[in-house]
Amino acid sequence: ISTKAAIRVVDPNPANSAAYRSTQTAHDAAANGDTIYVVGAASSYGVLNTSKSLTWIGPGYLLDQNPGSQANLYPASFSQINVNDGSAGSSYMGLSSYNSGTVSFYVYDDNILIRRCRIQSYIYGIEVMNVHSIIIEQCIVELTQVNVSSNIVFLMGGAENVAIRNSLIWSPDGAAINAFHGTGSV
């Protein structure tokens, strides 16, 4: 018996033939190991709660600054991405997240890859909570406001083996990566 992982496409534009209009619906229909392609859209996909081991692929960021590279210049944007228990082994690539409140990207499970994503927030860009083996690479992670309690990447409760590579990390007030109550290595 042979099983293959499914490829699912999400596009909110009803004129296109994608099987899914919402990322949460595609997630809920997916099985561990599936790949979900997220088409760029004029508006945010909202909050994404993941609890399965999936590969998420969006078009990337700064598309309007690379003329001729894409027919659709919109990013696959979310207001928040929550990587919950059950998501171990997932990859998030080419997605954008902007949250005007607290955190844009929560990571609550092990062995997560965040690659080529743009993550913007008011207080915390990425919060990694008591998990292991997280890779953040080739990302733009930025805070959009000056805030005395802000951290671009916030490592909590013993987060271990967190690698941040080849990423642009920026804040208007010089906020940094903060390992709070952590005992592991970064």
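We're numbering straight along the sequence, starting at 1.
- For Tyr106, the ring-ring contact (aromatic ring centres under 6.0 Å, His included) partners are Tyr108, not counting sequence neighbours.
- In this structure the side chain of His27 reaches within 4.5 angstrom of the side chain of Ser51, judged on heavy atoms.
- Between Ile126 and the choices Val162, Ile169, Ile136, the side-chain contact (heavy atoms from CB on, under 4.5 Å) rule is met once, by Ile136.
- To the nearest 0.5 Å, the span separating CD1 on Ile114 from CD1 on Ile134 amounts to 7.0 Å.
- Here the straight-line distance linking atom OG of Ser77 with atom OH of Tyr98 works out to 10.5 Å at 0.5 Å rounding.
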Subject >> side chain to side chain contact (heavy atoms under 4.5 Å, CB included) between Asp28 and Gln24, worked out >> reply: CA-CA 6 Å; Asp28 296 346; Gln24 197 63 56; 3.3 Å; yes

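- With rounding to the nearest 0.5 Å, the separation of CG in Leu113 from CD1 in Ile135 is 6.0 Å.
- Residues satisfying the side-chain contact (heavy atoms from CB on, under 4.5 Å) test with Asn32, not counting sequence neighbours, are Lys52, Ser53.
- Hydrophobic clustering of Ile, Leu, Val, Met, Phe, Trp and Tyr side chains at less than 4.5 Å, counting indirect connections, unites Ile7 with Val38.
- Hydrophobic clustering places Phe78 together with Val9 (ILVMFWY residues linked when any side-chain heavy atoms are closer than 4.5 Å, directly or through intermediates).
- For the 3.5 Å distance criterion, the side chains of Ser87 and Thr50 qualify, holding a donor opposite an acceptor.
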Subject >> Met93 vs Thr55, side chain to side chain contact (heavy atoms under 4.5 Å, CB included): CA-CA, chis, key distance, verdict >> reply: CA-CA 8 Å; Met93 298 179 283; Thr55 298; 3.6 Å; yes

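- Within the model, atoms CD1 of Ile164 and CD of Glu137 stand 11.5 Å from one another, a figure rounded to the nearest 0.5 Å.
- Between the OG atom of Ser97 and the CD1 atom of Ile81 there is a distance of 4.5 Å, given to the nearest 0.5 Å.
- Taking the six-membered ring for Trp, Tyr92 and Phe105 have ring centres closer than 6.0 Å.
- Put simply, the side chain of Arg118 reaches to within 4.5 Å of the side chain of Glu142, judged on heavy atoms.
- Side-chain contact, Tyr20 with Arg8: a donor N or O sits under 3.5 Å from an acceptor N or O.
- Tyr61 and Leu95 fall into different hydrophobic clusters, defined by Ile, Leu, Val, Met, Phe, Trp and Tyr side-chain heavy atoms under 4.5 Å apart, directly or through other members.
- Criterion: ILVMFWY side-chain heavy atoms under 4.5 Å apart, direct or through other members. Under it, Val39 and Tyr37 are part of a common hydrophobic cluster.
- Taking OG of Ser167 as the start and CD1 of Ile119 as the end, the distance is 8.5 Å to the nearest 0.5 Å.
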